[in-house]
Amino acid sequence: MTSTNKNHIPEDSWDVRDQPAAALALDMAAVCKRFGGKTALNQVSFTVPTGSLTVILGPAGAGKTTTLRMAAGFDAPDQGGIALHGVNAEGVEPKDRDIAMIFDNLALYPNKNGFENIASPLAIRGLPRKEIQERVAALAETLHIAHVLNRLPKTMSGGERQRVALGRALIRSRRLYLLDEPLSSLDAQLRIELRAELKRLQRERGYTFLMATPDFNEAMALADTVIMLREGRVVQVSTPQELYDAPVDRETALFVGSPQINLLRAAITGEGSAIETAWGTLPLPPHMRGIAAANGEFELGLRPEDLELAPDARTGLSALLVDVEPLGLKSVLTVENAPGKAAFRLRLLTGSSHARALELGQPVGITLPDAGRLLAFDVQSGRSLLL
């Protein structure tokens, strides 16, 4: 992937499934990128299968946008290689990569209305006016923006402008779509609706999406594969459920999940039969037996949704209720361990109908119905001890 290739990547038709395609739409191999003295990407490697919806997940500054710009050809890697549809992308101009892009700056034509902005890629190709109108109308209906087709961008809300930009990217079928936080300006309900529509369009059309987002809920809901990016490095590539169930390290476990995972300092005791924590003693589950010999003290991970209130305050781990945060159907309870022990707090989820019957300061018991859900991390490195 080091030789120069000046060949254009051919355009496809309206429906990408009509075209022969390589198994991989995108292949990034050990890509590095530096801006001045700062390393933005460090040995980034991953693949995007044709017809898949792949999500790059990570906090601000992780390198998500830089990765998309590399794929688009706006920036060239300092090291490593990029292939598109099995073709070396070195030397291929952005306009010849058969990629549609929507980045967070939107970049709509300020002097064109919503219809003209969405229709511009088709108008440039010289498609018949009737066909353009039909496509734009159908897509505008899907994106809930039919009411802004005759309005200029300056008269639209941020969410409306973002949907128009998304429509302009989707109106013409490309072999790869790069989406940089395409739903970030939308309100919560519309974001849920549109991510469902994106997933439906992707499946029905066979589109290939590479999407960047800092929202783990979005990644969980949309992705076939999640690429966890942190400080310019790929730390995990997995399915969304694997990312949640088996995070490779403590930081990933903290990033994926809401409320955040509870972390307790712990050690194996009782000749390898129990876990001793600042809160109390738990039986050692079978999946954690392998860490007993080589690892003394570690961090125990308990997700709030895996904890439950016991029927009796004397059952399970003893605690005092210190806060209730209603979230609609569910409520987040914050409990503090009983007096006489080092102060520590846990959060758990419970039904709001149950939470309403509780009083702050009352004793409660906490149980863990499925100890197989426990996670364990090395105290120093933060790496999972279960992988």
Side-chain angles (χ1 to χ4, degrees), residues 23-28 44-60 62-65 67-68 71 166 176-184 186 188-231 233-263 287 301-307 327 329-330 349 370 372-377 382-384 386-387:
L24 297 178
L26 174 65
D27 184 356
M28 281 201 169
V44 169
S45 297
F46 64 85
T47 60
V48 177
T50 296
S52 70
L53 201 164
T54 302
V55 173
I56 303 174
L57 176 66
K64 302 185 298 295
T65 298
T67 302
L68 295 187
L166 184 60
L176 178 61
Y177 292 85
L178 304 177
L179 308 175
D180 192 0
E181 302 185 33
L183 309 179
S184 61
L186 308 180
Q189 184 58 42
L190 189 55
R191 189 181 303 125
I192 292 171
E193 291 178 14
L194 277 184
R195 73 189 186 199
E197 287 299 328
L198 272 179
K199 187 66 174 177
R200 181 185 64 80
L201 283 169
Q202 185 267 328
R203 284 176 173 168
E204 290 182 357
R205 287 284 184 179
Y207 292 149
T208 304
F209 286 166
L210 177 60
M211 176 176 165
T213 180
D215 185 342
F216 81 91
N217 283 311
E218 210 162 82
M220 295 287 287
L222 284 171
D224 299 318
T225 301
V226 179
I227 300 161
M228 186 70 202
L229 197 65
R230 187 166 62 241
E231 296 180 349
R233 288 182 177 272
V234 174
V235 296
Q236 186 168 357
V237 179
S238 65
T239 66
Q241 198 61 50
E242 288 170 342
L243 188 73
Y244 176 84
D245 291 336
V248 297
D249 57 24
R250 177 175 53 222
E251 286 192 59
T252 301
L254 287 167
F255 192 82
V256 179
S258 180
Q260 273 192 338
I261 191 170
N262 299 294
L263 294 172
H287 77 288
L302 308 93
R303 291 205 180 274
E305 49 270 40
D306 293 331
L307 298 172
L327 297 177
L329 182 63
K330 295 278 190 179
L349 281 172
D370 184 4
R373 303 280 303 165
L374 290 173
L375 299 173
F377 305 98
R383 299 291 296 177
S384 173
L386 303 176
L387 300 178

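On a predicted model such as this, the values are computed, not experimentally measured, just so you know. In this chain, residues are counted from 1 in sequence order.
Within the 4.5 Å cutoff, no side-chain heavy atoms of Leu26 are placed close to those of Thr54. Looking at Leu178 and Leu176, their side chains come closer than 4.5 Å, going by heavy atoms from C-beta outward. The shortest side-chain heavy-atom distance between Leu53 and Leu198 does not fall under the 4.5 Å cut-off. Side-chain contact between Pro259 and Leu349 is present, with at least one heavy-atom pair separated by less than 4.5 Å. Side-chain contact between Leu374 and Leu386 is absent, with no heavy-atom pair separated by less than 4.5 Å. Contact check for Phe377 versus Pro247: side-chain heavy atoms found under the 4.5 Å cut-off.
Nearest heavy atoms, Thr208 versus Ala25: CG2-CB, 3.7 Å. Residues Phe216 and Phe255 approach most closely at CD2-O, 3.6 Å, considering heavy atoms. Of all heavy-atom pairs between Ala219 and Val55, the closest is CB-CG1, 3.8 Å. When all heavy atoms of Phe209 and Val48 are compared, the closest pair comes out as O-CG1, 4.4 Å. In terms of heavy-atom proximity, Ala223 sits nearest to Pro240 at O-CG, 3.3 Å.
Put simply, CD on Glu305 and CZ on Arg373 are 7.5 Å apart, with the number rounded to the nearest 0.5 Å. Atom CE of Met228 sits about 5.0 Å away from atom OG1 of Thr252, to the nearest 0.5 Å. Rounding to the nearest 0.5 Å gives a distance of 9.5 Å between CE of Met211 and CG of Asp180. The distance from atom CE of Met220 to atom CG of Leu243, rounded to the nearest 0.5 Å, is 7.0 Å. Atom CD1 of Ile261 and atom CG of Leu302 lie 7.0 Å apart (nearest 0.5 Å).
Sorted by first and then second residue, the salt bridge (charged side-chain N to carboxylate O under 4.0 Å, His left out) pairs with a member in residues 206-230 read Lys199-Asp224, Arg230-Asp249, Arg230-Glu251; sequence neighbours excluded.
With hydrogens and angles disregarded, a donor-acceptor distance shorter than 3.5 Å links the side chain of Arg303 to the backbone of Tyr244. One N or O on the side chain of Thr67 and one on the backbone of Gly63 form a donor-acceptor pair closer than 3.5 Å. Using modelled atom types, one side-chain atom of Gln202 and one backbone atom of Gly51 make a donor-acceptor pair closer than 3.5 Å. Put simply, the side chain of Lys64 never gets that close to the backbone of Leu229: no donor and acceptor are under 3.5 Å apart.
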Could you check Leu307 against Asn262 for side-chain contact (heavy atoms from CB on, under 4.5 Å), going step by step and ending with a plain yes or no?
CA-CA 10 Å; Leu307 298 172; Asn262 299 294; 3.8 Å; yes
Do Leu179 and Leu166 pass the side-chain contact (heavy atoms from CB on, under 4.5 Å) test, and can you show the C-alpha distance, the side-chain angles, and the key distance before you say yes or no?
CA-CA 8 Å; Leu179 308 175; Leu166 184 60; 4.1 Å; yes
Kindly determine whether Leu210 and Phe46 satisfy side-chain contact (heavy atoms from CB on, under 4.5 Å), including the steps that lead there.
CA-CA 11 Å; Leu210 177 60; Phe46 64 85; 4.3 Å; yes
Using side-chain contact (heavy atoms from CB on, under 4.5 Å), reason through Thr225 and Val237 one step at a time and then give a plain yes or no.
CA-CA 7 Å; Thr225 301; Val237 179; 3.7 Å; yes
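With sequence neighbours left out, the side-chain hydrogen bond (donor to acceptor under 3.5 Å, both in side chains) criterion links Glu231 to no other residue. Among residues two or more places apart in sequence or in another chain, the salt bridge (charged side-chain N to carboxylate O under 4.0 Å, His left out) test is passed with Arg233 by none. Checked against side-chain hydrogen bond (donor to acceptor under 3.5 Å, both in side chains), Arg195 has no partners two or more places apart in sequence or in another chain. Residues forming a side-chain hydrogen bond (donor to acceptor under 3.5 Å, both in side chains) with Gln260 (at least two apart in sequence, or on another chain): none. Here Asn217 pairs with nothing under the side-chain hydrogen bond (donor to acceptor under 3.5 Å, both in side chains) rule; sequence neighbours left out.
Within 6.0 Å of CG in Leu387 there are more than 12 heavy atoms belonging to other residues, nucleotides or ligands.
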